A.B. asks: 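I have a structure here, written as structure tokens, and I will follow up with some questions on it.
Bear in mind the structure is a predicted one, so any value in this text is a computation, not a measurement. Throughout, a chain's letter reflects where its sequence line sits, starting with A, and its residues are numbered from 1.
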Number of protein chains: 2
Amino acid sequence: MVFKKEIMNQLKEEILSLRLTPGTIISETALSERYQLSRTPIRDILKQLSLEDYIHIYPKKGNIVSYIDLESVEQIIYLRYALEKEIMKELMRGIPLKDLHVLKDNLLRQLQCIDEPENTDAFLELDDEFHKTMFILAGREFLWELIQQFNVHYVRYRKLHMLKKDKLKEIQQEHQFILDCIVGGEEGRIDELLHHHLRSDIRFIDFQEPYTQYIKQ
Amino acid sequence: MVFKKEIMNQLKEEILSLRLTPGTIISETALSERYQLSRTPIRDILKQLSLEDYIHIYPKKGNIVSYIDLESVEQIIYLRYALEKEIMKELMRGIPLKDLHVLKDNLLRQLQCIDEPENTDAFLELDDEFHKTMFILAGREFLWELIQQFNVHYVRYRKLHMLKKDKLKEIQQEHQFILDCIVGGEEGRIDELLHHHLRSDIRFIDFQEPYTQYIKQ
DNA sequence: GAAAGTAATCTTGTATACAAGATTTTAGTT
DNA sequence: AACTAAAATCTTGTATACAAGATTACTTTC
């Protein structure tokens, strides 16, 4: 028995990983046959996917995997920038040694992923884990999960962006700076650090072929 | 012909206004008969309502209007606090006179609503309009709409909170301070202002009967 | 009368037939 | 060959019958 949640997570994963490329047609009957389920529960899944912007439903025509919306990417980055500034201030007021160790351990694992191009996905997961941990330590896991619900465009953008040049080393170092800042307590540097870490790249977007066709016009 | 969107907006409005009180049973067949529609489209509506936390679906048991989740309220307030701080900084860099007039006009209309207890709802709408306008002027309407999707708990909390004591005058004055700050340019006061405006009340929640039964335990 | 077990009746979940719009194909005409 | 029009075939949207779990009511038993 295949559960609806499994199917949905599987579809989400395939879309986020870009194995299902933007524009791909997702028909109810195809999924229905693939998973040996009637159209009704399949429709439930597609409805939810459309609400989270994974797909776009054209009534009586069909459903396609959504194109990457750069406007959404920029807005989500701004949201994270504003939030994480506040969260860093919170953590600077004092962070337990045990929790500090969790973050340091994460950075070590990031280092191990660098220079191994096949480990880009693993690095991105550690990146997420680093930021999520900060959210959790500040008592803001709720907001982290909230943002995740609007991450379709950002996650895919980041994946393409990472492929372009190998920025992994740079990102890892910035994470190190962030951690140093939390421990060292230079509140004045927070804005500059996060601005560069999150917002600096978005202005210079120019994806090469064949990725331009993934972008919403 | 009754459209699905109309039905959903109607249900949302009834829940937000507390005419449909938390805990009220919402059965598919009841709605089906009320709107002369089959269960299938009704289920679509309920599915979406549950994703936005308006209702809670208990599989094979039934659906109820969700209870007010104070945790969600606090988190959303924190989110707005962090975001609006950033937005105010943005607006302080310069705001067109025309746009300034829009905000000033809004504050005048707020004044007119005060002292007329039957106009509390109108005041709340103007409150939203004031903040939304700031988002729009800073180019962040996207984020305003994003927050709206998680507002079920906050909107209902605020409604009850406003009923308690008449805080309308105080709120209007704080809006005035915010506007003065944007024009005057005292960046140091932003944090203090918004902290008081958004976050100060949430700690002292103690709803009286009969409202305690609306709150999620 | 109290407790237990069973049956009836609720609820939502799923499968399927049909409706209706959009697209594609095909046949016919010029 | 090119254009037009109609028909066939896609698609999703809706209605409805049935499935299955949860609750309620009732009957039986002690």
A.B. asks: Which is more 5' along DNA chain C, the nucleotide nearest B:I57 or the one nearest A:P59? Just name the residue.
C.D. replies: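 The residue mapped nearer the 5' terminus is B:I57.
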A.B. asks: Round to a whole Å and report the spacing from NE2 of B:H56 to P of C:dT11.
C.D. replies: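 Computing the B:H56:NE2 to C:dT11:P distance gives 18 Å.
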A.B. asks: Find the distance B:Y35:OH to D:dT14:P and express it as a whole number of Å.
C.D. replies: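 Rounded to the whole Å, the gap is 16 Å.
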A.B. asks: Distance alone, cut at 3.5 Å: any donor-acceptor contact between the side chains of B:D191 and B:Y81?
C.D. replies: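 The criterion, which ignores hydrogens and geometry beyond distance, is satisfied for B:Y81 and B:D191.
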A.B. asks: Send over the distance from A:R43 CZ to D:dA15 P, rounded to a whole Å.
C.D. replies: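 The answer, rounded to whole Å, is 12 Å.
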A.B. asks: To the nearest angstrom, how far is A:Y58 atom OH from D:dG13 atom P?
C.D. replies: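 Rounded to the whole Å, the gap is 14 Å.
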A.B. asks: Establish, with yes or no, whether the OP1 or OP2 oxygen of D:dA19 is under 4.0 angstrom from a side-chain nitrogen or oxygen of B:K60.
C.D. replies: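 Checking B:K60 against D:dA19: no side-chain N or O falls below 4.0 Å of OP1 or OP2.
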A.B. asks: Could you tell me if B:T24 and B:T21 have a donor-acceptor pair between their side chains, going purely by distance under 3.5 Å?
C.D. replies: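 Distance-only check passes for B:T21 and B:T24.
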A.B. asks: Quickly work out the B:I55 CD1 to C:dT12 P distance and round it to whole Å.
C.D. replies: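 It is 10 Å, rounded to the nearest whole Å.
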A.B. asks: From C:dG13, D:dT16, D:dT12, pick the nucleotide closest to the side chain of A:S27?
C.D. replies: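 Shortest atom-to-atom distance from the side chain points to D:dT12.
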A.B. asks: Please work out if B:I42 contacts a base, only the sugar-phosphate, or nothing of the nucleic acid, heavy-atom cut-off 4.0 Å.
C.D. replies: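 Since no nucleic acid heavy atom lies under 4.0 Å of B:I42, the category is nothing.
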A.B. asks: Measure from CD1 on A:I26 to P on D:dC10 and round the result to the nearest Å.
C.D. replies: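 To the nearest whole Å, that distance equals 19 Å.
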A.B. asks: Using a cut-off of less than 4.0 Å, is there contact between a side-chain N or O of B:S38 and OP1 or OP2 of D:dA15?
C.D. replies: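 Checking D:dA15 against B:S38, a side-chain N or O does come within under 4.0 Å of OP1 or OP2.
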A.B. asks: Less than 4.5 Å apart, any side-chain heavy atom of B:R140 and any of B:L83?
C.D. replies: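 B:R140 vs B:L83: side chains apart.
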A.B. asks: Would you mind reading off the distance between A:E33 atom CD and D:dT11 atom P, rounded to a whole angstrom?
C.D. replies: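 Those two atoms, CD and P, are 9 Å apart.
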A.B. asks: Think B:N63 has a side-chain N or O under 4.0 angstrom from the OP1 or OP2 of C:dT11?
C.D. replies: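 No, because none of the side-chain N or O atoms of B:N63 sits under 4.0 Å from OP1 or OP2 of C:dT11.
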A.B. asks: Look at B:T40 and D:dT14 and indicate whether a side-chain polar atom (N or O) is within less than 4.0 Å of OP1 or OP2.
C.D. replies: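 No.
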A.B. asks: Give one of base, sugar-phosphate or nothing for A:L46, where a contact means two heavy atoms less than 4.0 Å apart.
C.D. replies: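 Nothing: the residue A:L46, judged by heavy atoms under 4.0 Å, touches no strand.
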A.B. asks: Think B:R156 forms a cation-pi with B:Y214, using NZ or CZ under 6.0 Å from the six-ring centre and within 45 degrees of its axis?
C.D. replies: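 That pair does not qualify as a cation-pi contact.
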A.B. asks: Indicate whether any N or O donor in one side chain lies under 3.5 Å from an N or O acceptor in the other, for A:N9 and A:E13.
C.D. replies: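 Checked: A:N9/A:E13 side chains show no N/O donor-acceptor pair below 3.5 Å.
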A.B. asks: Among the candidates C:dT23, D:dT12, D:dA20, find the nucleotide nearest to the side-chain atoms of A:R39.
C.D. replies: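 Of C:dT23, D:dT12, D:dA20, D:dT12 is nearest to the side chain of A:R39.
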A.B. asks: Rounding to a whole Å, what distance do you find between A:E28:CD and C:dT16:P?
C.D. replies: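 Rounding to the nearest Å, CD of A:E28 and P of C:dT16 are 15 Å apart.
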A.B. asks: Let's see if you can work this out: which of C:dA15, D:dT11, D:dA15 has an atom nearest to the side-chain heavy atoms of B:L37?
C.D. replies: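 Selected nucleotide (nearest to the side chain): D:dA15.
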A.B. asks: May I ask you to verify if any side-chain N or O of A:K61 is less than 4.0 angstrom from the OP1 or OP2 atom of D:dC10?
C.D. replies: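 For D:dC10, OP1/OP2 do not have a side-chain N/O of A:K61 under 4.0 Å.
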